[in-house]
Student: 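Here's a structure for you.
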Amino acid sequence: MRPVKVGLLGIGTVGGGTVRVLKRNAQEISRRAGRGIEVVHAAARDLGKQRIADMQGIVLTSDPFEVVNNPELDIVIELIGGDTVARELVTQAIANGKHVVTANKALIAKHGNEIFAQAQSKGVMVAFEAAVAGGIPIIKAIREGLAGNRIEWLAGIINGTTNFILTEMRDKGRDFADVLKEAQKLGYAEADPTFDVEGIDAAHKLTILAAIAFGIPLQFTKVYTEGISKLTGEDVSYAEQLGYRIKMLGIARRVAQGIELRVHPTLVPYRRLIANVDGVMNAVLVKGDAAGPTLYYGPGAGAEPTASAVVADLVDVVRMLTADPDNRVPHLAFQPDALSDLPILAMDDVETSYYLRLRAHDRPGVLANVTRILSDLNISIEAIIQKGTMDGIATVILLTHRVFEKNMNQAIKRIQELPTITGDMMRIRMEQLSAN
Ligand code: NDP
Ligand code: HSE
């Protein structure tokens, strides 16, 4: 059978990695897919730039619309990124009846609902395994492997750049800006690295994971997002002394009132496997009612790990080319007419425990005032530790039991108004992530 002809939009880190893997593993891939898969037409901005892959045999263009309008192609891979040009290109490719493979989480999280509806009406597939957790086949695991479960919650380290930064800062005491530069050089970071640092990239991925886990539409704007830029080495070190690691987590949880969707730095007990996932590695812990907790681990970014997911999608699409569109796996795991309208909870209504750090004048009665405020708001304290005094100012760490965020917000406001408290309090949420 003739090879399937594929168009490639973008030949940077992931695009270059994809060409490399497709060429190196051509035989294995063809034995799996039942046909060869060949990139024949590719687009980039600068055609003179040195590439990480051998581009021989591929027609190059600086006009990506030439690729999506090429009638010879069955599949288009979108690896440009962003949700402007990429959105137009994907929409045009689908309108032209082409199947699409993409690693673009921003595009799927923000416009996936419309893209999937358009794809369904045209009978084409849009595959996006590479959009979440790089080389880990987490979309397939949740959408297909756990299809018998009612998923209760999932929590993941789903941004390689921030995990790399936190690990290097903790283990080597390296400077934040310096490690970020290295992550950019290694091809881990987004075109705009604030997407990584401020949790936006993780929020894109969490949006996708929650949709396929709970059968809800993609709702990126409802994810609570907090980044790592305010974390200090001091808090990382105190957390360690208390038996915790700080990880940037995306958490989606089904509770009685709806769904929690949140991305923020989180203290996790260091004995949990996920607390020991370091560097650019990602991990997603999924709790299903039947399987119980399952953990998926692997590289979350980089050229070939991400290409691994892109190529797996290509193989899937090629295998399904002749299948009746109604019998394919639904894009978001659940049948499109069976999505649920469960509400997404406001952050005020989320219940979690907290690590608090404050600085107070080291005088009798100061801590009593703090604990009175907490008790008035029904916040129960698990531990209080004084970490030493400098120039009459004591650093105090408090760990609380679970409490609603709105109560904690009020407590922090009142504590900071006390004349004996100096500077801003630090608050980091804590999760036990136990199997129950
Ligand atoms: P790069 O910046 O390395 O590559 C982007 C490519 O798109 C480049 O080849 C660039 O051309 C090309 N491009 C940009 N704009 C245009 C345009 N208007 N017309 C034609 N070509 C264009 O990005 P990545 O490979 O890192 O990321 C690609 C996608 O994959 C993004 O959606 C990203 O979020 C996602 N992703 C990335 C991962 C990673 O580890 N890097 C992991 C998982 C997903 P030129 O090279 O000439 O500048
Ligand atoms: N910038 C992303 C990360 C790329 O660091 O995880 C992988 O999606």
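None of these values were measured; they are calculated from a predicted model. Both counts, for ligands and for their atoms, begin at 1 and track the order of listing.
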Student: Salt bridge between Asp74 and Lys98, side-chain N to carboxylate O under 4.0 Å?
Tutor: no
Student: Report yes if Gly15 has an N/O atom closer than 3.5 Å to an N/O atom of ligand 1; otherwise report no.
Tutor: no
Student: Quick one: pull up CG in Leu267 and CG in Leu242 and give me the separation to the nearest 0.5 Å.
Tutor: 8.0 Å
Student: Checking salt bridge (Lys or Arg N to Asp or Glu O under 4.0 Å) between Glu431 and each of Arg272, Arg262, Lys247, which is the one that passes?
Tutor: Arg262
Student: Taking only heavy atoms of Leu79, which atoms of ligand 1 are found under 4.0 Å from at least one of them?
Tutor: 5 (C), 6 (C), 7 (O), 28 (C)
Student: Note the single closest protein heavy atom to atom 20 (C) of ligand 1, along with its residue, its atom name and the distance in Å.
Tutor: Ala44 C, 3.7 Å
Student: Give the atoms of ligand 2, by number and element, whose distance to some non-hydrogen atom of Ala189 is under 4.0 Å.
Tutor: 1 (N)
Student: Is the distance between the ring centroids of Tyr355 and Tyr244 less than 6.0 Å?
Tutor: no
Student: For ligand 1, which atoms have a heavy atom of Ala130 less than 4.0 angstrom away?
Tutor: 43 (C), 44 (C)
Student: At less than 4.0 angstrom from any non-hydrogen atom of Lys205, what atoms of ligand 2 do you find?
Tutor: 2 (C), 3 (C), 6 (O), 7 (C), 8 (O)
Student: With a 4.0 Å cut-off on heavy atoms, does Gly302 reach ligand 1?
Tutor: yes
Student: Taking both backbone and side-chain atoms of Ala189, is any N or O found less than 3.5 Å from an N or O belonging to ligand 1?
Tutor: no
Student: Tell me whether the NZ or CZ atom of Arg170 lies within the 45° cone about the ring axis of Phe164 and under 6.0 Å from its centre.
Tutor: no
Student: Would you mind running through ligand 1 and noting each atom that sits below 4.0 Å from a heavy atom of Ala301?
Tutor: 40 (O)
Student: Which one holds for Asp201 and ligand 2: side chain close, backbone close, both close, or neither close, with close meaning a heavy atom under 4.0 Å?
Tutor: side chain
Student: Return a yes/no value for Arg45: is any of its N or O atoms, backbone included, closer than 3.5 angstrom to an N or O of ligand 1?
Tutor: yes
Student: Decide yes or no on side-chain hydrogen bond (donor to acceptor under 3.5 Å, both in side chains) for Ser229 and Glu198, but give the supporting numbers first.
Tutor: CA-CA 7 Å; Ser229 54; Glu198 297 305 338; 3.0 Å; yes
Student: When only distance counts, is Gly12 in polar contact with ligand 1, meaning an N/O pair under 3.5 Å?
Tutor: yes
Student: Nearest protein heavy-atom contact for atom 26 (O) of ligand 1: which residue, which atom, what distance?
Tutor: Thr13 CB, 3.6 Å
Student: Is the shortest side-chain N to carboxylate O distance from Lys105 to Glu190 below 4.0 Å?
Tutor: yes
Student: Is any side-chain N of the basic residue among Glu182 and Lys185 closer than 4.0 Å to the acidic one's carboxylate O?
Tutor: no
Student: Name the closest protein heavy atom to atom 45 (P) of ligand 1, giving the residue it belongs to and the distance to 0.1 Å.
Tutor: Lys49 NZ, 3.4 Å
Student: With a 4.0 Å cut-off, would you call Lys406 and Asp349 a salt bridge?
Tutor: yes
Student: Tell me which protein heavy atom sits closest to atom 34 (O) of ligand 1, plus the residue, atom name and distance to 0.1 Å.
Tutor: Glu190 OE1, 2.8 Å
Student: Which of the numbered atoms in ligand 1 are below 4.0 angstrom from a heavy atom of Gly187?
Tutor: 39 (C), 40 (O), 41 (N)
Student: Any atom of ligand 1 sitting under 4.0 Å from a heavy atom of Ala191?
Tutor: no
Student: For Glu226, is there an ion pair with Arg427 - N to carboxylate O distance below 4.0 angstrom?
Tutor: no
Student: Does Glu78 come within less than 4.0 angstrom of ligand 1, counting non-hydrogen atoms of the residue?
Tutor: no
Student: What is the closest protein heavy atom to atom 7 (C) of ligand 2, and at what distance does it sit?
Tutor: Gly300 O, 3.2 Å
Student: Please determine, by modelled atom types, if Arg87 and Asn104 share a side-chain donor-acceptor pair under 3.5 angstrom.
Tutor: no
Student: Test Ile228 against Asp196 for side chain to side chain contact (heavy atoms under 4.5 Å, CB included), laying out the working first.
Tutor: CA-CA 9 Å; Ile228 61 165; Asp196 297 288; over 6 Å; no
Student: Is there a donor-acceptor pair closer than 3.5 Å between any side-chain N or O of Gln184 and the backbone N or O of Pro193?
Tutor: no
Student: Salt bridge check, Glu152 against Lys287: does any charged N sit closer than 4.0 Å to a carboxylate O?
Tutor: yes
Student: Give me the nearest non-hydrogen protein atom to atom 36 (N) of ligand 1 as residue plus atom name, then the distance to 0.1 Å.
Tutor: Lys105 NZ, 3.7 Å
Student: For atom 30 (O) of ligand 1, grab the closest protein heavy atom and report residue, atom and distance to one decimal in Å.
Tutor: Ala103 CB, 3.6 Å
Student: Would you call the rings of His204 and Phe195 parallel, tilted or perpendicular, where under 30° means parallel and over 60° means perpendicular?
Tutor: tilted
Student: What atoms of ligand 1 come within less than 4.0 Å of a heavy atom belonging to Asn104?
Tutor: 32 (O)
Student: Taking 4.0 angstrom as the limit and counting only heavy atoms of Gly81, give me the atoms of ligand 1 inside it, by number and element.
Tutor: 31 (C), 32 (O)
Student: Of the backbone atoms (N, CA, C, O) and the side-chain heavy atoms from C-beta on, which set of Pro64 has a member under 4.0 Å from an atom of ligand 1: side chain, backbone, both, or neither?
Tutor: side chain
Student: Looking only at side chains, do Thr294 and Tyr296 share a donor and an acceptor under 3.5 Å apart?
Tutor: yes
Student: Under 4.0 Å and counting heavy atoms only, is there anything from the protein next to atom 2 (O) of ligand 1?
Tutor: no
Student: Considering the heavy atoms of Asp46, write down every atom of ligand 1 situated less than 4.0 Å from one of them.
Tutor: 47 (O)
Student: Taking atom types as modelled and ignoring hydrogens, do the side chains of Asp83 and His111 form a donor-acceptor contact shorter than 3.5 angstrom?
Tutor: yes
Student: Pick one of side chain, backbone, both or neither for how Thr306 approaches ligand 1, counting any non-hydrogen atom pair under 4.0 Å.
Tutor: side chain
Student: Only heavy atoms of Thr161, strictly under 4.0 Å: list the atoms of ligand 2 that pass.
Tutor: 1 (N), 3 (C), 5 (O)
Student: Assess, by modelled atom type and distance only, whether the side chains of Asn69 and Asn96 contain a donor and an acceptor separated by less than 3.5 Å.
Tutor: yes
Student: Can we say Asp316 and Lys140 salt-bridge, meaning some charged N sits less than 4.0 Å from an Asp/Glu carboxylate O?
Tutor: yes
Student: Only heavy atoms of Gly10, strictly under 4.0 Å: list the atoms of ligand 1 that pass.
Tutor: 6 (C), 7 (O), 9 (O), 12 (C)
Student: Between Lys387 and Gln241, do the side chains contain an N or O donor and an N or O acceptor separated by less than 3.5 Å?
Tutor: yes
Student: Which of the listed options, Glu190, His204, Lys105, holds the heavy atom that is closest to atom 8 (O) of ligand 2?
Tutor: Lys105
Student: Side chain, backbone, both or neither: which part of Asp196 comes within less than 4.0 Å of ligand 2 when only heavy atoms are counted?
Tutor: side chain
Student: Could you list the atoms of ligand 2 found under 4.0 angstrom from a heavy atom of Ala301?
Tutor: 4 (C), 7 (C)
Student: For atom 27 (O) of ligand 1, which of Val14, Thr161, Leu89, Asp63 has the closest heavy atom?
Tutor: Val14
Student: Please could you name the atoms of ligand 2 that Gly160 approaches to less than 4.0 Å, counting only its heavy atoms?
Tutor: 3 (C), 5 (O), 6 (O)
Student: Counting non-hydrogen protein atoms only, what is the nearest one to atom 18 (N) of ligand 1? Give residue, atom name and distance.
Tutor: Val85 CG1, 4.2 Å
Student: Backbone or side chain, does any N or O of Arg51 fall under 3.5 Å from an N or O of ligand 1?
Tutor: yes
